[in-house]
Amino acid sequence: MEQQGYLEIRKQRKYLIMGLLVAIAAIDATVFFTAGSEIEYYISDLSRVSTIGAAAVLSLVVVSRQGIHGLFGKAYAMLAAGLILWVAAESIWAYHELVLAQETPFPSLADAFWLAAYGPIGYHMFSTSKFFGRGIKKHVILVVTAAAIIFSYFYLQAIIDVSTLEGAEAMTAVGISVAYPVFDAIILVPAILMITNAGRGQLTSIPWIFVAMLLLVIADSLLGLSAVVDFAGQTFHITMIFNAAYLCFMAGLLWYNKQFIFNAKNAAKLM
Amino acid sequence: MVNKLQFGKLPNDGDASQTIVRKAIDNAISALGGPIHKTIIWHMNNRGVFANPKKIDINFFYDNLRELLGPGADMIMEDTWEHLQKQHGVHFDRDFERKHTPAEKIRKVMEIGEA
């Protein structure tokens with residue numbers, strides 16, 4: 001009975017991974033093959049709004065099903081708040097680009113929403129780290145923290161060195177570009193630690209939300225560098241990473257919704 | 001080591017200590033959230049961990065919890081131990097506390113209760 005339950009969980013995980021890979025491949029292939037064309041901005045912006053929007057809707061489903069009590073109740077409510085802020089940010093960005101025809105609107109109101117989301121997302125990451133991070137050795141925490149600080153230092157240097165922005169908004173733009181890696185570095189520490197501590201537990205072997213955050217930090221870092229050189233060159237690859245990150249959020253929320261929140265139908269399958 | 005255990009409000013009785021440990025486990029899992037509590041208890045029941053309502057094999061429980069939740073199992077065991085300490089005043093001497101995991105300490109409490 002127990003063995004069958006485990007096999008069913010493994011099967012469901014395999015399907016989720018396959019579904020995730022197919023979704024990433026399909027959406028990112030569309031972004032890739034339309035890069036440089038007239039519809040590039042439409043595809044890039046709409047793909048990001050759709051993927052983060054779907055993740056936000058799923059997070060609301062999770063919150064409505066489990067409530068906001070307990071460690072995970074609060075953590076997932078905060079994740080939902082963060083994802084909604086990112087939906088607002090992506091939508092504002094898309095509105096500027098697609099409706100107002102402003103190419104790469106940076107800095108803009110979207111940045112305020114993006115940056116505001118770090119609070120609730122950070123809460124989610126650090127509070128669930130208490131659960132996923134048991135048993136991590138102190139020296140590993142020190143090494144990862146040091147690596148995140150070093151990454152931030154060199155990244156900030158690179159941003160300041162390559163910055164080509166001029167004018168009144170340049171300081172604001174560089175300031176915002178600096179804020180992202182600082183917040184990212186803070187988020188990066190639990191993300192890397194939880195990923196290195198993963199692989200155990202039938203329900204917990206893939207820390208989806210932490211994987212999503214790692215991808216998001218990579219995309220953010222590339223975007224930050226791109227922003228300070230005034231978005232010279234292609235940025236479709238950054239959109240592809242953002243999409244992959246948002247889809248990982250979705251996968252994590254689907255998994256959590258199905259496996260963690262009690263569901264009699266799924267329970268019957270596991271018996 | 002046994003004489004250095006302080007039971008506090010915990011009765012020195014096998015059945016009572018089993019009930020209290022079970023309640024502490026329940027509280028620790030509940031702290032994660034109601035629906036997750038239901039899921040974890042369902043999995044444990046499905047594996048026969050709580051088959052005997054009057055007796056919990058703490059090793060069997062811990063092994064199954066680790067299999068299900070990986071490192072999260074240790075948080076539940078730590079919270080269970082913390083609950084026993086706070087609600088029932090159970091304490092070992094500092095040396096024992098430092099050298100043993102929460103699962104080992106809970107097992108010791110149950111062994112002493114049964115003796």
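Every chain is numbered from 1 and lettered A, B, ... according to where its sequence line falls, protein lines coming before strand lines.
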Validation: residues 213-221 of chain A side-chain donor-acceptor distances under 3.5 Å, sequence neighbours left out:
unit_1	atom_1	unit_2	atom_2	d
A/Asp220	OD2	A/Tyr118	OH	2.6
A/Ser221	OG	A/Val217	O	2.7

Output a table of donor-acceptor pairs, distance under 3.5 Å, between side-chain atoms of residues 253-262 of chain A and any protein atom two or more places apart or on a different chain; print 'none' if there are none.
unit_1	atom_1	unit_2	atom_2	d
A/Trp255	NE1	A/Leu203	O	2.8
A/Tyr256	OH	A/Gln66	OE1	2.7
A/Tyr256	OH	A/Gln66	NE2	3.4
A/Asn257	OD1	A/Arg65	NH1	2.7
A/Gln259	OE1	A/Asn266	ND2	3.4
A/Gln259	NE2	A/Gln12	OE1	2.3

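In this structure, A/Arg200 CZ and B/Leu69 CG are separated by 12.0 Å, a value rounded to the nearest 0.5 Å. To the nearest 0.5 angstrom, B/Leu68 atom CG is 7.5 Å from A/Thr204 atom OG1.
Listed by chain and residue number, B/Asn59, B/Phe60 satisfy the side-chain contact (heavy atoms from CB on, under 4.5 Å) test with B/Asp57 (two or more places apart in sequence, or in another chain).
Interface residue B/His43: only side-chain heavy atoms are found under 4.5 Å from chain A. Proximity to chain B involves both the backbone and the side chain of A/Phe72, based on heavy atoms less than 4.5 angstrom apart. Looking at A/Ile68, neither its backbone nor its side chain comes within 4.5 Å of chain B, counting heavy atoms on both sides.
Here the closest heavy-atom approach between residue B/Arg47 and residue A/Gln202 is recorded as NH2-OE1, 2.6 Å.
Chosen from B/Pro35, B/Gly34, B/Gly33, B/Gly70, the residue pairing most often with chain A at heavy-atom distances under 4.5 Å is B/Pro35.
The interface of residues 23-32 of chain B with chain A, defined by heavy-atom distances below 4.5 Å, comprises B/Ala31, B/Leu32.
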